[in-house]
Amino acid sequence: MIIAAPGPSSRLFGPAAEVVGRLLSGLNGTGSRSLWHRAGADVLVQCRGFDVPELVASGSVDAGVTGYDVCVEWSLAHDEPLALYALPATRTSFVTYCTVAGRKVETIYTEYPAITAAWLRAHTRQNSARIVRMRGSTEGIIRVDDHGAGVLLVTSGQTLAANGLDMDVPLLATDMCLVTKASFVDRGVTAGLPVLPMPSFARGGDQRADVVGGPAHGD
Ligand SMILES: O=P(O)(O)OC[C@H]1O[C@H](OP(=O)(O)OP(=O)(O)O)[C@H](O)[C@@H]1O
């Protein structure tokens, strides 16, 4: 089996290494410059966390470890379900809508355009808002645009506060998860892991802004 996981340049490397070490026994040297490693009959390939869902969906790897947020974003953007499984919590963060109280929001800056669009559709809220895609570090532009809001990752909340963003609504909780194709069957790697559903606003059922379990930021 080939498993993809965030490499040493990723903020998820530490938490991912811990999880992957439990999934694949006999791994060595995962912090070196080598981005592939043998573990008995299995192989670990290291990459950017946000590329893991694509590698899984394409069949290039059998399974991946990355953030639940990244998997949900990929599934919504590609209209393709993936099988997501909860792993032990390492560092839970929240994908959060934020702005400055009282603003008339016209633009939403986000690294989650598909999640943002699904959430807006589910809540028939700010449907006319323009969505501008970013790769992170969105708080500054949100703050200086008088009609700006954002959907971004919040861990401690310190960055929100430091940039004067005082209104926030969590859309979903995120932590590390295991991802496979929906058709993938391997009792070994997924055994005993709870299945993670998509957020309710993306399922078309319960329309509340909910907080569903899962893992961080996939880079
Ligand atoms: O709530 P806090 O604990 O303050 O964390 C939130 C910050 O962390 C993330 O940034 P990251 O460190 O991943 O950098 P990037 O977004 O610029 O890639 C996120 O984009 C926020 O900017």
Side-chain angles (χ1 to χ4, degrees), residues 4-20 30-31 35 46-55 64-77 87-101 103 105 107-120 126 129-177 179 199 201-202 209-219:
S9 63
S10 166
R11 76 203 291 272
L12 286 186
F13 172 67
E18 200 178 306
V19 165
V20 170
T30 56
L35 296 178
Q46 294 173 314
C47 59
R48 292 294 178 101
F50 52 67
D51 287 332
V52 167
E54 182 81 29
L55 292 176
V65 171
T66 191
Y68 172 76
D69 55 345
V70 168
C71 296
V72 170
E73 175 65 22
W74 191 95
S75 287
L76 291 174
L87 293 167
T90 54
R91 180 178 53 180
T92 303
S93 299
F94 296 87
V95 174
T96 301
Y97 172 83
C98 65
T99 186
V100 174
R103 273 186 180 172
V105 172
T107 303
I108 299 177
Y109 300 92
T110 184
E111 58 194 294
Y112 304 101
I115 288 174
T116 302
W119 184 67
L120 291 176
Q126 302 287 4
R130 183 173 66 118
I131 296 175
V132 175
R133 183 184 186 132
M134 295 188 63
R135 304 289 179 180
S137 299
T138 51
E139 291 87 348
I141 185 63
I142 296 165
R143 182 64 184 84
V144 303
D145 179 341
D146 289 340
H147 299 288
V151 171
L152 48 71
L153 194 74
V154 173
T155 305
S156 68
Q158 289 178 4
T159 312
L160 278 191
N163 288 279
L165 300 172
D166 58 8
M167 201 209 109
D168 53 284
V169 180
L171 275 60
L172 59 90
T174 180
D175 207 317
M176 305 292 294
C177 76
V179 53
F201 62 78
D210 60 349
V211 175
V212 291
H217 214 32
D219 181 16

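Just so you know, ligand 1 is whichever comes first in the structure, and atom 1 is the first atom listed for that ligand.
Those atoms of ligand 1 with a heavy atom of Gly136 less than 4.0 angstrom away are 16 (O). The ligand atoms of ligand 1 that sit less than 4.0 angstrom from a heavy atom of Thr155 are 1 (O), 2 (P), 3 (O), 5 (O). The contact set between ligand 1 and Val154, taken as ligand atoms under 4.0 Å from a residue heavy atom, comprises 1 (O).
By the 3.5 Å distance cut-off applied to N or O atoms, Leu160 is not counted among the residues near ligand 1. For ligand 1, the polar-atom distance check finds an N/O of Glu139 within less than 3.5 Å of one of the ligand's N/O atoms.
Annotation for Asn163 and Arg143: closest pair O-CD, 2.6 Å, computed over non-hydrogen atoms. Scanning both residues, Pro170 and Phe94, for their nearest heavy atoms gives CB-CD2, 4.3 Å. Contact record, Gly148 with Thr99: O-OG1, 2.8 Å, taken as the closest heavy-atom pair.
Contact between Leu152 and ligand 1 is absent, with no heavy atom of the residue lying under 4.0 Å from the ligand.
Partners of Ile131 under the side-chain contact (heavy atoms from CB on, under 4.5 Å) rule, at least two apart in sequence or in another chain, are Thr110, Pro113, Thr116, Ala117, Leu120.
Of the candidates Gly150, Ser137, Gly157, it is Ser137 that places a heavy atom closest to atom 17 (O) of ligand 1.
Exactly one residue among Val72, Leu153, Leu171 makes a side-chain contact (heavy atoms from CB on, under 4.5 Å) with Tyr112. That residue is Leu153.
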